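For reference, the structure discussed in these notes is given below.
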Amino acid sequence: MTETTANGQPYLRIEGLWKAFGDFLALKDISLDIHDGEFVCFLGPSGCGKTTLLRAIAGLDLQTKGQVTQAKKDISDLPPSARDFGIVFQSYALFPNLTIKKNIAFGLENTGRSKPEVEARVTELLDLVGLPDQGAKYPAQLSGGQQQRIALARAIATNPGLLLLDEPLSALDAKVRVHLRHEIKELQRKLGVTTVMVTHDQEEALSMADRIVVMNHGVIEQVGSPTDVYREPATLFVADFIGEMNQIPATAGASGRVTVGTSEMICKPHDFGNNAPVIAAIRPEDVIPHGDGARSPGGEDVIATPENAFEVTVDEMEFLGSFWRCRLASERFGEEELIADFSINAVRRLELATNKTMIIELPEDRLMVFAPEDAR
Amino acid sequence: MTDATALPDGPVIKGRLSRDDVIMRLGMVVIAIYLVATMVLPLWAMLSKSFSTFKFDLSGYEIQVSDEAGSFEGTILTPAELNAELGVLELGDLDAGSDSRMGLTQFFPDFSFRSPVMYRVRNTTDAGRFLVGSELKTGTEWIELDSNTFRRVQMRPVKSTGLGNFVSYFSTPALFNSIKNSLMIAVISTVITVTLAFWFAYALNRSCMRFKGAFRLVAMAPILVPSLLPGIALVYLFGNQGMIKELLFGASIYGPIGIVIGSVFFTFPHAFIIISTALAISDARLYEAAVSLRSTPWRTFWTVTIPGARYGLISAAFVVFNLVITDFGLPKVIGGQFNVLAVDIYKQVIGQQNFEMGAVVSVVLVVPAILAFAIDRLVQSKQVALLSARSVPYQPTTNRKADNIFLGYCVLVAVFIVGMLAVCQFAALIKFWPYDLSFSLKNYEFDRMDGGGWGSYFNSIKLALLTAVIGTCVIFFGAYLVEKSNGFKTGRAIFQMFAMLPMAIPGMVLGLAYIFFFNNPANPLNFIYGTMAILVICTVTHFYTVSHLTAVTALKQMDREFESVSASLKQPTMKLFSRVTVPVCMPAILDISIYLFVNAMTTVSAVVFLYSPKTTLASIAVLNMDDAGDIAPAAAMGMMIFYTNAAARIIHLILSKGVLTRTQAWRTR
Ligand SMILES: Nc1ncnc2c1ncn2[C@@H]1O[C@H](COP(=O)(O)OP(=O)(O)OP(=O)(O)O)[C@@H](O)[C@H]1O
Ligand SMILES: [Mg+2]
């Protein structure tokens, strides 16, 4: 993946973008660089402004303020027809009265291509999306997944520099969705086309994107690789929106210290002042279970950070196939319960059962501290 | 991550328009201008006419009389002074119409046109006007005339703006009584039609009786004939020589009874369609719930059926009310001495040439029409919301006794409808009711009657075809532009409003407005007056709204993103329009054309003011032949319209099927 175009400029640059619907601000000061050949996902809850941002990039709904630059050209005020992109909508918007072939050929006509050239290109595209012999059918005669691929073929037919996908998979059932995720990603890699996809499905974003842009209430919360946003969420919102996260009200200490309940623990460095109210957070799968003999040195089962280890009671256990989800109660948390995912192996080894007490450890490099949501 | 909460100052991005945007906006502006010129401006002309009053201003002129030798040394007189002295005219005599004129000699009791005395006349102000012969004189220069010419001097009235016309309207009982009459007829007809149509629709939707298809067909038949045709049938049935006039026990069919029966006939299909739709979409699950709660059929009817259909009922009521109160043909034929508003307009304008009063009655008629229209729109918007809810259609179950009752009822209604048409056809084919019942085609020799002969029939077909083709193009394209163009919000909202307006304007009012607007020599569009063009334009405008709504409904079902996709593929929007939008909407487009065709064939009210000897129409011929006493030929022509429309509907059906199978192969999987 090339990070930048020849002179170090990103392929698509969005600067200080605002969008107002009357008094309502759907996008607030969005700035973002997207590089050549990159696959970027806009991820966020419903109504956060993903589609609005995508449509601003396409010129379908112009932003109120701000600049969009594509391939070094300022396209901020251009109509869609003067921009360079292909787009696939959630509804696919296939022309119902035209055959698949004619749908794909729609954008190839009047472009200086001869009839045979258009034919050849259509055949090539049908092969590319794996539907070589469906060309004579009408859209309604294809399955949802097939229609989706035709919409994709139509969008890339003219080799646009930018491919925009607005929830392209959300109308499909789960199995087809997983399959197509993979196919779209493959196709994008093969073509090397810069792609922006909107989704509110975190799995989709995590599995497909080179970079994820997490949005909320019209602002970008975090931009990063899938592992970044999962492992190192920048805000409590991101931590909460992507994956599961335990959140425990706590008080900040010095950097790398946080007081949860009655005891101070070691956590990732932070810059909250002493005694600032914070949320301590840890993912369920990061909780380490320990057996009874853990404290004795020399054993296999070593507690790395004794400050972060304490005794809990297993309150509830739920078998979820590949792991056990346990609700753990502790005097330190008062009413709050901690959720932890333990491997089947660990449960068997430690003979865990409801109402049993055990020792767990919150690894210091996985224990994060965030400002409470409403304090921002 | 930023946490900004307020939009920074500075200019807002203004998008550059693509060529397509420009084309679409221009198109919308053109159609909007069309609507302004063919509706808004004429209505404005009519409104201002209703507020303009004319009066002779006797102090606006000065007259000097010479001695016999021709030298002017006498005093300068005004007609006002002369009148004060002589008392020739009362105050009311000075009220005038726009075309009135009044001579001056009446103020000179000794006037003789042979006298050698000379006269000098002038206006006292620059606004003053008088005629010498047919020559208009303005300005304050003295004009010298001999006695013989002075005889031909006529004052012209001065125009002013005010409520004068309305005052005289409301102080003339013969005129304002029509308001009461119109309202009464409309309310009674509405109650009867809606009741009849409800049970008819109920039978077709909720019973398992037989022949439903045939009944549906019969119920729609009245749409195919002009509203005055039932009037003619009623004359044959209950008129002075009526076949079954004894059934009226001496009451006269000419008047409210005839108008109500005829109104029920011609409004029945409109009410039936609306109520039938409302019943068809009501939710079966509610009935299942009612059954499981062991509700009696009677209670179910009142707690489930009626509330479910209430929007349909209300909407049907207002539509019928509007149709009846604005209808002109029927009361003209069967109303006798019973005056209603729509006929008053006609009488004022055609009979008495009192255009201002015609305009006043029009304004009076527009008020209830607009009210009914507004309420109907409100109700319809609620019904749409009902429709979108996911409901399960109701499946009626067999109930022999009830089914037979419903069948009997539907047969009665069908006999009423078919009977009216059959009477007309019968009357058209016999020599001379009631004296010579032998078969004859002489009533079809239209060329020997008043009304324009066969020429008017072919004119009507020409009008209907032109209206269907031109109207469909303009209306569908206009609807496409408002539905699918970007931005330009205010422009689109104004356009939508213009498109809705024609529905609220009664045909008589539109026709009269056209006279005021297009018959004005100062209007550059004056040249279309008296041509086929003005009839086409008027008819398209008259039936614009329903067609527009049909188009909008079809367009709304198209994916909103087609235009976006097309733009992203850098294809002109017009290519998308012709390759995708038009083919996909073809069923709606055909529906619009047939609607326009049928209405152009049957319309009377708007065009009655606008036809010329060269452009007489079949529906007008029915009216005029009836007026001239040629009732049988009128019935014959009315039935010609019926058969033409029936044929058009059949062609439309075949065409729709053909188009569906050819261009809409994609609809079937
Ligand atoms: N035309 C409009 N007029 C007014 N508000 C709008 C308009 N379009 C979008 N909004 C508002 O802007 C916000 C962002 O909308 P947007 O469609 O971008 O959300 P989204 O992130 O794509 O959500 P979803 O996942 O539901 O598609 C929403 O609160 C929406 O209500
Ligand atoms: Mg969206």
Side-chain angles (χ1 to χ4, degrees), chain A residues 16 18 20 25 28-31 55 58-67 76-99 102 106-111 137-141 151 154-155 157-158 160 164 166 219-222 234-235 376, chain B residues 1-25 485-487 489 557-587 659-660 662-669:
Chain A
W18 294 76
L25 294 175
K28 298 174 218 167
D29 200 14
I30 301 282
S31 295
R55 292 180 72 89
L60 293 169
D61 281 319
L62 279 195
Q63 69 277 21
T64 312
K65 299 250 158 90
Q67 207 178 28
S76 309
D77 60 353
L78 293 185
S81 53
R83 301 187 184 199
D84 177 24
F85 69 97
I87 190 162
V88 174
F89 292 99
Q90 186 176 357
S91 64
Y92 315 143
L94 292 174
F95 306 131
N97 64 320
L98 302 184
T99 59
K102 289 194 175 147
F106 197 86
L108 296 169
E109 295 159 2
N110 321 326
T111 51
K137 288 190 178 169
Y138 288 97
Q141 296 166 321
R154 183 179 62 181
T158 51
L164 303 177
D166 189 0
V219 299
I220 293 178
E221 295 267 345
Q222 186 175 6
T235 63
R376 289 201 306 126
Chain B
M1 175 184 47
T2 28
D3 229 27
T5 47
L7 202 61
D9 297 330
V12 167
I13 297 252
K14 280 204 69 129
R16 272 187 259 167
L17 297 181
S18 68
R19 240 188 74 214
D20 281 329
D21 289 335
V22 175
I23 293 174
M24 290 180 81
R25 281 177 198 201
S485 59
N486 304 313
K489 278 218 184 85
Q557 286 165 2
M558 307 262 299
D559 196 312
R560 280 185 31 212
E561 308 296 3
F562 283 167
E563 278 67 25
S564 311
V565 167
S566 170
S568 80
L569 295 172
K570 307 197 173 25
Q571 299 297 318
T573 307
M574 284 307 116
K575 174 182 166 191
L576 177 75
F577 180 72
S578 60
R579 289 268 311 271
V580 178
T581 314
V582 168
V584 171
C585 291
M586 197 40 92
V659 162
L660 270 176
R662 206 161 48 79
T663 69
Q664 318 246 328
W666 48 272
R667 278 193 202 269
T668 50
R669 302 200 55 156

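Sequence lines set the chain letters: A, B, ... in the order given, protein chains first and strands last, and positions in each chain run from 1. All figures in this text were calculated on a predicted structure; none of them were measured in a lab. Computation of the quantities below employed the complete heavy-atom set of this structure, encompassing side-chain atoms and omitting hydrogens, waters and symmetry-equivalent molecules.
Taking every heavy atom of both residues into account, Ala20(A) and Leu7(B) meet most closely at CB-CD2, 4.4 Å. For the pair Asn97(A) and Pro583(B), the tightest heavy-atom approach, listed with the atom from each and the gap, is ND2-CB, 3.3 Å. Taking both residues in full, the closest heavy atoms of Pro96(A) and Val580(B) are given as CD-CG1, 4.4 Å, listed atom of the first, atom of the second, then distance.
For Lys65(A) (side chain) and Pro8(B) (main-chain N/O), a donor-acceptor pair under 3.5 Å exists by modelled atom type.
Put simply, CZ on Arg55(A) and OG on Ser564(B) are 5.0 Å apart, with the number rounded to the nearest 0.5 Å. Put simply, OG on Ser568(B) and CG on Leu60(A) are 8.0 Å apart, with the number rounded to the nearest 0.5 Å. Rounded to the nearest 0.5 angstrom, Ser81(A) OG and Asp21(B) CG are separated by 7.0 Å. Rounding to the nearest 0.5 Å gives a distance of 9.0 Å between OG of Ser76(A) and CZ of Arg16(B). The distance from the CG atom of Asn110(A) to the CG atom of Leu569(B) is 11.0 Å, given to the nearest 0.5 Å.
Using a 4.0 Å cut-off between a side-chain N of Lys or Arg and a carboxylate O of Asp or Glu, Glu109(A) and Lys570(B) do not qualify as a salt bridge.
Phe562(B) pairs with exactly one of Tyr92(A), Phe106(A), Phe95(A) by the ring pair (Phe, Tyr, Trp, His ring centres under 6.0 Å) rule, that one being Phe95(A).
Comparing Pro572(B), Ser566(B), Pro11(B) by heavy-atom pairs within less than 4.5 Å of chain A, the highest count is held by Pro11(B). Chain B forms more heavy-atom pairs under 4.5 Å with one residue of Thr64(A), Thr158(A), Leu164(A) than with any other, namely Thr64(A).
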Test side-chain contact (heavy atoms from CB on, under 4.5 Å) on Gln67(A) and Ile13(B) and set out the steps.
CA-CA 9 Å; Gln67(A) 207 178 28; Ile13(B) 297 252; over 6 Å; no
Residues Arg154(A), Val565(B); criterion side-chain contact (heavy atoms from CB on, under 4.5 Å); working and verdict
CA-CA 9 Å; Arg154(A) 183 179 62 181; Val565(B) 167; 3.4 Å; yes
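The contact between Leu17(B) and chain A is made entirely by backbone atoms, counting heavy-atom distances below 4.5 Å. Both the backbone and the side chain of Arg579(B) have a heavy atom closer than 4.5 Å to some heavy atom of chain A. For Gln571(B), the part lying near chain A is the side chain, with the backbone staying farther off; criterion is any non-hydrogen pair under 4.5 Å.
Annotation: Lys575(B), atom NZ; neighbour count of heavy atoms from other residues, nucleotides and ligands within 6.0 Å is above 12.
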